[in-house]
Amino acid sequence: MSSTSSTKKRRGGPMLFLRQVVAELRKVVRPTRNELITYTSVVLVFVMAVMLYVSALDFGFGKFVLWAFGGGS
């Protein structure tokens, strides 16, 4: 049988955690200026498209509900 100390996982302290965070941050590849502009543009266009879609659905459902329940004059 093995002792409990050899099967118990050893925890690192806060300094080990910070060293690992810094090591991971060094692996990060930063986008170039052109990539950043491209990615930002894609996100903004996508958000605008989804906004228009949701707005159209909201307008359509609102008109339908008013028609169905006779809320318009």
* Is there a chain of hydrophobic side chains (I, L, V, M, F, W, Y, each step under 4.5 Å between heavy atoms) that links Leu25 to Val29? ->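 Looking at the clustering, Val29 is in a separate group from Leu25.
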* Linked, directly or transitively: Val54 and Phe46 (ILVMFWY side chains, under 4.5 Å) ->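 They do share one cluster, since a chain of ILVMFWY contacts under 4.5 Å joins Val54 to Phe46.
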* Spatial distance of atom CZ (Phe61) from atom CZ (Phe64) [nearest 0.5 Å] ->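 Here the interatomic distance stands at 8.5 Å.
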* Transitive ILVMFWY cluster of Tyr39 at side-chain heavy atoms under 4.5 Å: who else is in it? ->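 Reading the cluster by chain and number, Tyr39 sits alone, since nothing else belongs.
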* Asked: If you link I, L, V, M, F, W and Y whenever their side-chain heavy atoms are under 4.5 Å apart, who else ends up in the same group as Leu36?
  ->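 Under the 4.5 Å side-chain rule, Leu36 groups with nothing.
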* To do: Applying ring-ring contact (aromatic ring centres under 6.0 Å, His included), name anything that partners Phe59, two or more places apart in sequence or on another chain.
  =>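 With neighbours one apart ignored, the set is empty.
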